[in-house]
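As structure tokens, the structure follows; a few thoughts come after it.
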Amino acid sequence: MLRHFSLLLACAAPLCQAAGPSYDLIIRNGHLIDGSGSPWYAADVAVKEGRIAAIGALSHASATRVIDAHGLVVAPGFIDMLGQSELTLLVDPRAPSKIFQGITTEITGEGESVAPLNETMVREKRASYDHYHLQADWRTLAEYFARLERQGIGINFATYLGATSVREMVIGYADRAASEAELRQMEDLVEQGMREGAMGVSSALEYPPAPYASTQELIAIAAAAARHGGIYATHMRDEGNAEMAALEETFRIGREARIPVEIFHLKTSGRQNWGSMPRVIEQIEQARAQGIDVAADTYAYTAWSNGLAAFTPPWANDGGKAQLLRRLKDPAMRARMRRDMTTPSEKWDNEWLEIEGPQDVLICAVDHQELRKYQGKRLSEVASAWHEDGIDTIFDFLLKDEAGTSVAVFGMSEPDVALGLQQPWVSVDNDDSATSPQGPLGADHPHPRAYGTFPRVLAKFVREERKLTLPDAIRKFTALAAQREHLADRGLIKQGMWADLVVFDPQLIHDVATYEDPNRFSVGMVYVLVNGAPVIELGRMTGALPGKVLRGPGYTAP
């Protein structure tokens, strides 16, 4: 009798399995590029409960739904190494401009992070919150993460803790050194941020009040992040005339804080520095040979983007935005700013001397409605309309827009950009926020990288110019980025990994956004899955919000 019951169970088991599908989803017939840098291979990929459950010949397996990827590439979802979407995700959590590029994970927090905040900082940033009609109802990183999780997000999201934000919390906007007691407070804030889930600590040393921080201050707060397994990411103190010194400072921080280093948006800026990328690469290679764990990322355009206020010298921003505007109204202060902007110096990153003139500056987003007619115009066009030279136009535009203007600045050479991208330790960043042609975000005029970076690399540098192979580009987008951020369960097509996956046409994929007409989605993504759920399906956005907040290695659950 017992033997007969066992036989019944043995016969029933396949019937039970056949009663329902084995997997939630199977992608069949695709060319898998797994993120490791290896060539493509033919295999099916099965997904169950948000993770990759099986890879191989799965023709006899069943699934709730099946995607036919014949003639298409299947790859891990792309990781944006610097995203800037902390506020725009609260406006449109679907992150449309990101997912049409194949981005499934964003790392953000360049110097100033979304938290921590105090009331003074909230007042200083009021124009940014008002621009997006947001109420900053968080003060800590944990509170911000909780808000994201309540509303849902379309991509995975992680952030650094900003060294600038930490300085603003303790010192404010003054141009002075931190006392020993203040430095201890800053270290405590970094440790708190790491416990709340930050990936590490970041700096953006061109933008006040960040330039007021000494190297020793940066070493101290980087060491605090290192104690919790974080990394140090930096927009270096100079990317132009004094870049070699800035690199040495960066290496020193990594060496003395004993922390891995990521250089944001690697570049050589300024016409007089064109052709110097080989020297930059050599210096980084030497540091790596000495045992410093340093890598970089790039967005592969020849124009950078930042606030128009970045053209002013650091001293002009001492005390914050209100003090900058006050000085811009003072003829003597304006004359001093002009003198500094037209005098070569290696003491600060002087963007005015890195371009040929106002024709190299494109007005992007503005805060004040009456200035929106200038979005997409060159600064030279505004100067002509206002009957001013370029420098006075910068000063007056800052006054009219209360220092809220962002610009694109054409100051890099194509060969330098391509050479940087080709380095095996360089990953890819968007350096722009998630946006959309529709809704309140569509009123802005962003840098085209907001919509086009990753497809641009695949179209221009892989398919057209053959400066990268497709597997190498995918590695930069996925496994390399995941390795830098210690994302052990993302960045590869491998059993057990989270199913962040893209399915795209390698012959079709390309960017469409231009400097003149930037609010245009890239083309070629057929499916994009975030944690196993489609956010792009047959080339259309689904509106799903399956993204997760990704917390760093020091995270301690409350």
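Sequence positions, counted from 1, serve as the residue numbers for this chain.
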Would a distance-only check, ignoring hydrogens and angles, find a side-chain to backbone donor-acceptor pair under 3.5 Å from D349 to E206? no
Quick one, F477 with F454, criterion ring pair (Phe, Tyr, Trp, His ring centres under 6.0 Å). Give me CA distance, side-chain angles, the key distance, then yes/no. CA-CA 8 Å; F477 295 175; F454 288 76; 4.8 Å; yes
Can you tell me if R258 has over 12 outside heavy atoms packed within less than 6.0 Å of its CZ? no
Side-chain donor-acceptor pair present, Q101, R449, cut-off under 3.5 Å: no
Between the side chain of N273 and the main-chain N/O of S269, is any donor-acceptor distance below 3.5 Å? yes
What closest approach, in Å, do A226 and A257 show between heavy atoms, and which atom pair accounts for it? CB-O, 3.5 Å
Smallest separation among heavy atoms of L398 and A309, with atom names: CD2-N, 3.5 Å
Between Q286 and Q290, do the side chains contain an N or O donor and an N or O acceptor separated by less than 3.5 Å? no
Carefully, step by step, assess D367 and T405 under the rule side-chain contact (heavy atoms from CB on, under 4.5 Å). CA-CA 7 Å; D367 280 344; T405 311; over 6 Å; no
Under 4.0 Å between a side-chain nitrogen and a carboxylate oxygen: does that hold for E249 and R237? yes
Indicate yes or no for a side-chain donor-acceptor contact from Q151 to the backbone of R147 under 3.5 Å, with no hydrogens or angles considered. no
If we only count heavy atoms from C-beta on, is the L141 to V114 side-chain gap below 4.5 Å? yes
Whether the N241 and E354 side chains hold a donor-acceptor pair (N or O, under 3.5 Å, no angle test) is what I'd like checked. no
Go through R551 and E149 one step at a time and tell me if the salt bridge (Lys or Arg N to Asp or Glu O under 4.0 Å) criterion holds. CA-CA 12 Å; R551 294 172 172 85; E149 289 176 328; 3.1 Å; yes
Short side-chain to backbone donor-acceptor contact, Y129 and L87, under 3.5 Å: no
So, are K494 and D34 salt-bridged, with charged N and O less than 4.0 Å apart? no
Flag the pair K98 and E106 as a salt bridge only when some basic side-chain nitrogen lies within less than 4.0 angstrom of an acidic carboxylate oxygen. yes
Taking all non-hydrogen atoms of both residues into account, name the closest pair between G411 and W304 and its distance. CA-CZ3, 3.5 Å
Donor-acceptor pair, side chain of T88 and main chain of A434, under 3.5 angstrom: yes
Is a salt bridge present between R139 and E143, judged by a nitrogen-to-oxygen distance below 4.0 Å? no
Can you tell me how far CD of E110 sits from CD1 of I107, rounded to the nearest 0.5 angstrom? 14.0 Å
Side-chain touch L550/R490, heavy atoms, less than 4.5 angstrom: yes
I'd like to know if the side chain of Y160 pairs up with that of E485 as donor and acceptor (distance under 3.5 Å, no hydrogens or angles considered). yes
Hey, does N430 have a side-chain heavy atom less than 4.5 Å from the side chain of Y299? no
I'd like to know if D293 and R484 make a salt bridge, using a cut-off of under 4.0 Å between side-chain N and carboxylate O. yes
Looking only at non-hydrogen atoms, find the nearest pair between V201 and A225 and report the distance. CG1-CB, 3.9 Å
Tell me, with the steps shown, if Y232 and S203 meet side-chain hydrogen bond (donor to acceptor under 3.5 Å, both in side chains). CA-CA 8 Å; Y232 171 68; S203 64; 2.7 Å; yes
Using the side-chain contact (heavy atoms from CB on, under 4.5 Å) criterion, which residues pair with T164? Sequence neighbours excluded. E112, E168, P209, A210
Using atom types as modelled and distance alone, determine if a side-chain donor or acceptor of W348 lies under 3.5 Å from a backbone N or O of P211. no
OG-CG distance between S305 and D431, expressed to the nearest 0.5 angstrom: 7.5 Å
Does R227 pair with E191 as a salt bridge, N-O distance under 4.0 Å? yes
Looking at T542 and P534, would you say the former's side chain and the latter's main chain have a donor-acceptor pair under 3.5 Å? yes
Here the gap from L25 atom CG to L529 atom CG, rounded to the nearest 0.5 Å, amounts to 6.0 Å
Between N317 and P313, is there a donor-acceptor pair closer than 3.5 Å when you use the side chain of the first and the backbone of the second? yes
Charged N to carboxylate O below 4.0 Å: is that the case for K267 and D416? no
Just checking Y555 against H228, ring centres under 6.0 Å apart? no
Check for a donor-acceptor pair, side chain of S433 on one end and backbone N or O of S85 on the other, with a separation under 3.5 Å. no
Is the closest side-chain donor-acceptor distance between Q283 and E243 under 3.5 Å? no
Give the C-alpha distance, both sets of side-chain angles, the deciding distance and a yes or no for side-chain contact (heavy atoms from CB on, under 4.5 Å) between N519 and Y451. CA-CA 7 Å; N519 286 299; Y451 287 87; 2.8 Å; yes
If the plane angle is over 60° it's perpendicular, under 30° parallel, otherwise tilted; pick one for Y301 and H447. perpendicular
Any T478 side-chain heavy atom under 4.5 Å of L492 side chain: no
With a distance cut-off below 6.0 Å to the six-membered ring centre and an angular limit of 45° from the axis, does K548 pair with W498 as a cation-pi contact? yes
Quick one: are H265 and T298 in side-chain contact, heavy atoms under 4.5 Å? no
Is T234 reaching over with its side chain to a backbone N or O of I263, donor-acceptor style, under 3.5 angstrom? no
Of all heavy-atom pairs linking A163 and L218, the shortest is CB-CD2, 4.3 Å
Look at the aromatic rings of F145 and F157 and report parallel, tilted or perpendicular, splitting at 30° and 60°. perpendicular
If every non-hydrogen atom of D500 is compared with every non-hydrogen atom of N531, which pair is closest and at what distance? OD1-N, 2.8 Å
